[in-house]
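In what follows, a structure is listed as structure tokens, so that the remarks can point back to it.
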There are 2 protein chains.
Amino acid sequence: MTTIKDVAREVGVHPSTVSRALDPARRGRIGEPVVRRILEAAERLGYRPDTVAASLRSGRSNMVGIIVPDIANPVFSPIIGGLEDVLSARGYALIVADPQPQRTGTDDIVQRLVARRVDGLVLANVALKDNSIERCLSWKVPVVLVNRAEAEARVPSVVSDDVAGMRLAVAHLLELGHRHILHLAGPQMLSTGSLRRRGFLEAMHEAGFAPADNDIEEAEAFTREAGHAAALRLLARQPEATAIVAANDLLALGIYEALRETGRRCPEDLSVIGHNDMPLVDLVDPPLSTIRISHREMGEQTGQLMLDLIEGVRGDVPYVVTAPLLVVRRSTQPPRISR
Amino acid sequence: MTTIKDVAREVGVHPSTVSRALDPARRGRIGEPVVRRILEAAERLGYRPDTVAASLRSGRSNMVGIIVPDIANPVFSPIIGGLEDVLSARGYALIVADPQPQRTGTDDIVQRLVARRVDGLVLANVALKDNSIERCLSWKVPVVLVNRAEAEARVPSVVSDDVAGMRLAVAHLLELGHRHILHLAGPQMLSTGSLRRRGFLEAMHEAGFAPADNDIEEAEAFTREAGHAAALRLLARQPEATAIVAANDLLALGIYEALRETGRRCPEDLSVIGHNDMPLVDLVDPPLSTIRISHREMGEQTGQLMLDLIEGVRGDVPYVVTAPLLVVRRSTQPPRISR
DNA sequence: ACATTTAGTGCAATCGATTGCGCAAGTCAA
DNA sequence: TTGACTTGCGCAATCGATTGCACTAAATGT
């Protein structure tokens, strides 16, 4: 490994001069010819500055961490991708951490990342309440939330407009002629779960309907299995409903299974609409109508926000909201008996 | 931030003593009561050793990097998940990098990661030929390949048994009574693409069949679109075939689209079998028969291998091969006209 | 009683880069 | 010619932990 001293010796200057010449921002203070010789020598010797040493001295690590509940989850992986993309373009490395609930809590992960001197932390874990935010705040490490909002907006966040998304879904079903619309909600401890439920209620009220408590059922988790179970409960309770809006595509697919088991057909007997437009839902049977969210774009926005924060470009608490899009496929159609 | 000196001063010992007392491995050299007081003080002051400083001195960073072509790809994301899991359990952080072809090559990424002093590198990028391996070898940084093999086994790798997988697929179709079986191959520059093609050929030969060149068509990429296009070409050329084995689920889904366009039905007119068993292929229409590969498990094995390598437990070049599993769903059935 | 371990801890160098400060030479104006 | 700047670069401290070596005191051996 060639160090900065090797380069300095080769050129016949002091290491500090090499350090400055190699940094475009401070190169100006060094003479033109010297810079050229340093650049050439660095190239020739294959010099790569040791990031670790630089971090120790400068206090900046050029790393940001992201904490996600499940890396393989189709909503989080594109977020990570988009984030990595804009971060790496600016020389930052992304370290991903996935808290294993049984082993170590989010808090511990935060500590470990902070001990690694990350320049910023992205929290994608959707629990509505946990004190990792306080932890970060107290350590003064820049934080941005993604796919999750906080009640009191203390830290920047990037979310999709869940309320608008639900409004889109509800409006679509109403337009088709549905009147009795159910909601299969996600876990209310999760930000998306409660926001979408609220969005559903708002949209219905705006349209002049007041859903009963009975019209909403909460799934234990954002999974097909949980969706399946919850759908069974909901459908048994409200068999005469003609449409159901799920808080999530996975839940919608769970509804599919429940329908199949109870001998009902989608969309003939019941229209179903999901949320997220995750990969392949256009190929299931029937192709799922849903609300498209560009998670990759959210990841990119998160990265941009983080960079601004780290570089101190902005002091406010930005709150980026991305616009959802209605995607109509074949799981929604007018109700059979219009009233 | 409390440093090791703060703890040392608090207890009234030398920083080096604190360092030793905090490391379970070398704690033995320190007196029992002193250790206790140090532990207590460290806890009380909320001391967290600065990983960066430790790395600089010790040369170990407790980080490993993984280079993947696409983080959001359903085959790579579980690999990352499994890897992160076993790595973080041992105190290692995982940094993921995704080479943007247009911006910076894999080589550059490798350099950047090495400059960060990663203790090991996982290469998941499937290109059959690139010199990043040489790069790593010359820098003596432990490397393990995942989902990709090398012709000459210089470095450890974790792959699924592609040949066995194809044998499973072919055997299944033969058992159903198919005789004219096609192969929709993946890009031959990619390890999985060429291995699976070879697996197909071997399996067919073993069964006493000799596929013609015409029976195989190569897709440009492992995507639905490429699969669609290639399937169109293949089906036009061999309309009388009764089954087709795809190198990948995505390609199989592309075949679905091609069938729909040309008015054929699966499985009535043509049986289709995929490879990977990615999420949701059990819900498409018709549910896809495929070869299941546990990518998460591969990720875990990769992590274990990497740890062994880093800790110098093994000097050989292990070559882990995971066993594939046949998953029969509804896209395969006996050919209509049995001969 | 003296030599020799052994256990327990301190000292100071070290990892490789960054950075505030200082110094010398050159520029310019008075 | 001198004083005031500017430009270009070197010096040495510094970041926080690790580690080989040295050293002291107690324990053990002969």
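Each chain gets a letter, A, B and so on, in the order the sequences are listed, and its residues count up from 1.
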Proximity to the side chain of [X] - top-ranked nucleotide from [options]:
{"X": "B:Y47", "options": "D:dG10, D:dA17, D:dG16", "answer": "D:dA17"}
{"X": "B:R26", "options": "C:dA17, D:dA17, D:dT19", "answer": "D:dT19"}
{"X": "A:R57", "options": "D:dT19, D:dC9, D:dA13", "answer": "D:dA13"}
{"X": "A:H14", "options": "D:dA12, D:dG16, D:dC9", "answer": "D:dA12"}
{"X": "A:S19", "options": "D:dA17, C:dT9, C:dT18", "answer": "C:dT18"}

So what does [X] hit on the nucleic acid, given a heavy-atom distance under 4.0 Å: a base, only sugar-phosphate, or nothing?
{"X": "A:V13", "result": "sugar-phosphate"}
{"X": "B:R60", "result": "sugar-phosphate"}
{"X": "B:V34", "result": "sugar-phosphate"}

Nearest-angstrom distance from the residue atom [atom1] of [X] to [atom2] of [N]:
{"X": "B:L56", "N": "C:dT14", "atom1": "CG", "atom2": "P", "value": "13 Å"}
{"X": "A:I4", "N": "C:dC15", "atom1": "CD1", "atom2": "P", "value": "15 Å"}
{"X": "B:I30", "N": "C:dA7", "atom1": "CD1", "atom2": "P", "value": "13 Å"}
{"X": "A:R116", "N": "D:dC15", "atom1": "CZ", "atom2": "P", "value": "22 Å"}
{"X": "B:E32", "N": "C:dT9", "atom1": "CD", "atom2": "P", "value": "11 Å"}
{"X": "A:I38", "N": "D:dG10", "atom1": "CD1", "atom2": "C1'", "value": "12 Å"}
{"X": "B:R27", "N": "D:dT18", "atom1": "CZ", "atom2": "P", "value": "13 Å"}
{"X": "B:M1", "N": "D:dT14", "atom1": "CE", "atom2": "P", "value": "21 Å"}

How far apart are the C-alpha atoms of B:R117 and A:M1, what are their side-chain angles, what is the distance that settles it, and do they pass the side chain to side chain contact (heavy atoms under 4.5 Å, CB included) test?
CA-CA 11 Å; B:R117 295 291 185 268; A:M1 265 296 168; 3.8 Å; yes
Report yes if some heavy atom in the side chain of B:S61 is under 4.5 Å from a heavy atom in the side chain of B:R116; otherwise report no.
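No, too far: nothing below the 4.5 Å cut-off.
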Side-chain contact test, heavy atoms from C-beta onward, threshold under 4.5 Å: evaluate it for B:E134 versus B:R154 and give yes or no.
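A side-chain contact exists here, since the closest heavy-atom pair is under 4.5 Å.
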Is it the case that C:dC15 (base atoms only) and B:S58 (side chain only) share a donor and an acceptor within less than 3.5 Å, ignoring hydrogens and angles?
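No, no donor-acceptor pair under 3.5 Å.
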Between the base of D:dG10 and the side chain of A:R20, is there any donor-acceptor pair under 3.5 Å?
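Per atom types, the contact qualifies.
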Taking 4.0 Å as the cut-off, does a side-chain nitrogen or oxygen of [X] come that near to OP1 or OP2 on [N]?
{"X": "A:R48", "N": "C:dG16", "value": "no"}
{"X": "B:R29", "N": "C:dT6", "value": "no"}
{"X": "A:S16", "N": "D:dG10", "value": "no"}

What do the steps show when you test B:E300 against B:S294 for side chain to side chain contact (heavy atoms under 4.5 Å, CB included), and what is the final call?
CA-CA 10 Å; B:E300 290 167 357; B:S294 174; over 6 Å; no
Quick one, B:D98 with A:D85, criterion side chain to side chain contact (heavy atoms under 4.5 Å, CB included). Give me CA distance, side-chain angles, the key distance, then yes/no.
CA-CA 7 Å; B:D98 186 347; A:D85 193 358; over 6 Å; no
Quick check: on DNA chain C, is the nucleotide nearest B:G28 upstream (toward 5') of the one nearest A:D50, or the reverse? Name the residue that is more 5'.
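Its nearest nucleotide being more 5', the pick is B:G28.
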Minimum-distance pair of heavy atoms, taken over all atoms of B:P78 and B:V75:
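Closest heavy-atom pair between B:P78 and B:V75: CD-O, 3.5 Å.
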